[in-house]
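Comments concern the structure below.
Quick note: numbers below take in every heavy atom, side chains included, and nothing from hydrogens, waters or symmetry partners. Proteins come first, then strands; the chains are lettered A, B, ... in the order of their sequence lines, and each starts at number 1.
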Amino acid sequence: MQSYNAPEVEKKWQKKWRESGLYKADLENPKKPTYYNLTMFPYPSGDRLHIGHWYNYGPVDTWGRYMKMKGYEVFQPMGFDSFGLPAENYAIKTGVHPAETTRKNIDKMKEQIAAIGGMYDLDLNIETSSPEYYKWTQWVFLQLYKKGLAYRKEAPVNWCPGCMTVLANEQVNEGKCERCRSQVVQKNLRQWFFKITDYADKLLDYEGLNWPEKTILMQKNWIGRKEGININYKIKGKDKILTVFTTRPETNFGATFVVISPDHPLTLGITTPEQKIAVERYLEEAKKKSELDRQMEGRQKTGVFTGSYAINELTGFEMPVYVADYVLMGFGTGVVVGVPGHDLRDFEFADAMGNIEVIRVIKGPNGEVDPIRTVDQVQEDEGEVINSEILNGLTPLQAIPKMMDYLESRGMGTRVVNFRLRDWLISRQRYWGAPIPIINCEKCGEVAVPERDLPVVHPHVEDYVPKGTSPLAMAPDFVNVKCPHCGGAAKREVDTMDTFVCSSWYFLRYPDANNTKEAWGKERVDKWMPVDMYIGGPEHACMHLLYARFIHRVMHDLGYVDAKEPFKRLVHQGMVMKDGAKMSKSKGNVVSPDEFVSKYGSDVFRMYLMFMGPFTEGGDWNDRGITGVARFVDRFYRMMQQEQEQTGLRPGGDEMDGIVHQTVARASEAIVNMTFNVAIAALMELTNEALQKGLSRAQKEIVAKVLAPLAPHLAEEVWAEMGNTNSIFKEVWPEADPKFLVKNVVTFAIQVNGKLRGTVDLTPDISKEEALAAARAQTNVAKFLTGEIVKEIFVPGKIIGFVVKV
RNA sequence: GCCUGGGUGGUGAAAUGGUAUACACGCGAGACUUAAAAUCUUGUGGUCGCAAGACCGUGAGGGUUCGAGCCCCUCCCCAGGCACCA
């Protein structure tokens, strides 16, 4: 008997698969139902593939191969997200131009990915930094621009001093740069934005999507839709009106102050001469405060009285108007009405100011009606509305619509919907990104580059180290152009696009990657979109996955693609950690797959990663268990060889048919659930059994097919050794035949008062009476049936139970 | 603080309300071997017991049920997300 030589066998099949076109889908004329199986494309890294890549690409390929055997035309492409900070930073570090390092890294990475032995189509040459690709990224920009969805404005933006560029809100985490962890500062800059807020409502529609609830929830929270009402308050003695946004108008009888944001345009206008100096000083200080300072302050409230009063028309109460930096200009109207009795922040502010009246308008949990004095008495929800005339006796939930109707009918307010989502800031002051196809002409102003002039070629610049303004500005040939409109002297936009723009449409390019006339052909793409399965890390929930949905939806609205949503089913792989921490070079805890792959082979490594636990959960890496999978591969190979060197083993009989078909059922279910660990366990059990009892050839064929998606090389090898000349991946996934799943003996558990007292082997279709009798016959059961039997339980095939009164 | 997931042997982990701990690692014992490795066989939640078996056991405490890892309530811990968003 010959032992299994993984390195040799794996190389052989990888070559054969590549040559036979196993990795290719018939994109033009798929003859089977299409299945677009996609993993988030990687950025080209100078390092070797890490465990995270394998943890992702192995199981995705397993899924793709499974679907292929289920009869689908599977399209499983892979490209490279090659513009952006990782490539650029790598270039800065090595001192080699990013164009060069990117090229080299992609070529190297392609080889490594091929060595996994996945059926990824790597030949489509999708690289976001190639002119053939970014031409169409620029085209996408122009479509948005034409629709008024790309615009430029001066606004306070997040500036990362480490990366020397602005960042989108989504890229700021706890006030720090998502990438380099530098403290982000606010700057006023004129920048390009995509109007993703116009799509806020559309993006909240997840109908028909098979996505993790958690991801949907995260996006929903990020979009942050809030229904409320804008209430107008007159300023006493002034011809000015302050509009506040609130979602809790039912507490308005308890409103006793108003707070305006320091950034609000009316702040100084409503300040009285006596308060002017104090307010101006406060505004100065607020401006100086960094994000870090604010975090240090925590919830500690500061503020200054403006000297003005807003009139609460409901009560006639004259509400002092304060300016305070806890009120953000970016949300609602930048003005807040304070109900200190029923909002924690409002109470904290009132408390900090000292002389603000607190009125109770909701009964306490124990029916309290006395005034609220301390923070822990503040009652934010539930209860019964009191001291509120028309609303008395209602719950807050009932009172809200009534109050809104009331305010609207008297012209005091208007219902509005607000979102937490901000527009997507896409300009970057960095070198390695797609140029924004805009020309600034002194005469004509902002002019879009005509589509026929695309691509705006990314200029070669030697000094690309970030300085705070785009390095593209250092290329005079790039910057100075003729205005496409008037022919006069003009200058190009020098900022580049956020790489998330590049990655928000690449899945539309894959099926039509060589199209030179359009970004994609609609007919072709409609055959493949939406992506049937999209797999990637959960960290993209509110970035890539939101941006991609947005851009795709815009393209849908413009008629370029039929599908509304880009990703039908979404799965997040878990993260592989080491000693409870993220693997990173700085921590020095990076585990390289290479030594394991060369020692055990790709199949074993892939299976071990899957066997560690559920795919979506990831886990802590340790190499102790990999021998178990390696042993399984040897045992499996031996099991498959046994027949060829028949050693008197009985070719599998009925019993093995049952086990084989049960394995088919269990493994199929596990693969569909992405719990590959369970599928592998099922095959291990079968192998342990079959090594004792032997398998018939028909049984072996079934078993090889079940193994195929999990250990493709090994399965293909044993398939060939059985004398088959076609690829096992051209075979149809086996179905569990119910006739083999029926057992003629099942073990029933016998319970007395729910406690296990014995088991008994019976036919599955036995009658209740017979089963109960058989159970009673057991001495150990009879022992516990001393009292009066009040109930007898019979669950066919499973449980025989007695309930005894004690 | 709020919103999500999770807490099961020494370890990674299985379990449509029905025999908890499948599968694997590790460990113990044995076989093969001059020996070791590899491989094979076998045992392996805890306590008591020669055994049959009994009792306890899925983060803690309650509840529903003949029966709960699973459903309900309260709490603790861990991970992820959001966070002065009105």
Quiz item: How does protein reach along nucleotides 41-54 of chain B, written 5' to 3' as B (base within reach of a heavy atom under 4.0 Å), S (only sugar-phosphate), or - (no contact)?
Solution: S-----------SS
Quiz item: Would you say the base of B:rG80 and the side-chain of A:E539 have a donor-acceptor pair closer than 3.5 Å?
Solution: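 Side chain to base: no pair present.
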Practice problem: State plainly whether the residues A:E792 and A:K768 are in salt-bridge range, i.e. N to O under 4.0 Å. | Solution: no
Quiz prompt | Lys/Arg-Asp/Glu bridge criterion (N-O < 4.0 Å) met for A:R248, A:E250 | solution =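 Looking at A:R248 and A:E250, the cut-off is met.
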It should be established whether [X] places a side-chain nitrogen or oxygen under 4.0 Å from OP1 or OP2 of nucleotide [N].
X      : N      : result
A:R345 : B:rC85 : yes
A:N221 : B:rA83 : no
A:K214 : B:rG5  : no

Self-check item: NZ or CZ of A:K301 within 45° of A:Y326 ring axis and under 6.0 Å
Solution: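 Satisfied, under 6.0 Å and within 45°.
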Self-check item: Residue whose closest nucleotide on RNA chain B lies nearer the 5' end, A:V803 versus A:G334
Solution: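 This one resolves to A:V803.
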Exercise. Please tell me which of A:P538 and A:V335 maps to the more 5' nucleotide of RNA chain B, matching each residue to the nucleotide holding its nearest heavy atom.
Key: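 The 5'-side residue here is A:P538.
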Self-check item: Derivation of the salt bridge (charged side-chain N to carboxylate O under 4.0 Å, His left out) call for A:K599 and A:E595
Solution: CA-CA 6 Å; A:K599 188 168 172 194; A:E595 56 171 307; over 6 Å; no
Practice problem: Please work out the stems of RNA chain B from pairs that are Watson-Crick or G-U wobble with both distances under 3.5 Å, keeping only runs of three or more consecutive pairs. | Solution: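 For RNA chain B the paired stretches long enough to count as stems (3 pairs minimum) are B:1-7 with B:76-82, B:10-12 with B:23-25, B:26-31 with B:39-44, B:45-48 with B:53-56, B:59-63 with B:71-75.
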When the distance from [atom1] of [X] to [atom2] of [N] is rounded to whole Å, what number comes out?
X      : N      : atom1 : atom2 : result
A:D634 : B:rU39 : CG    : C1'   : 10 Å
A:I260 : B:rA86 : CD1   : C1'   : 14 Å
A:D620 : B:rA79 : CG    : P     : 13 Å
A:L762 : B:rU19 : CG    : C1'   : 14 Å

Quiz item: With a non-hydrogen cut-off below 4.0 angstrom, is A:N230 in contact with a base, only sugar-phosphate, or nothing?
Solution: nothing
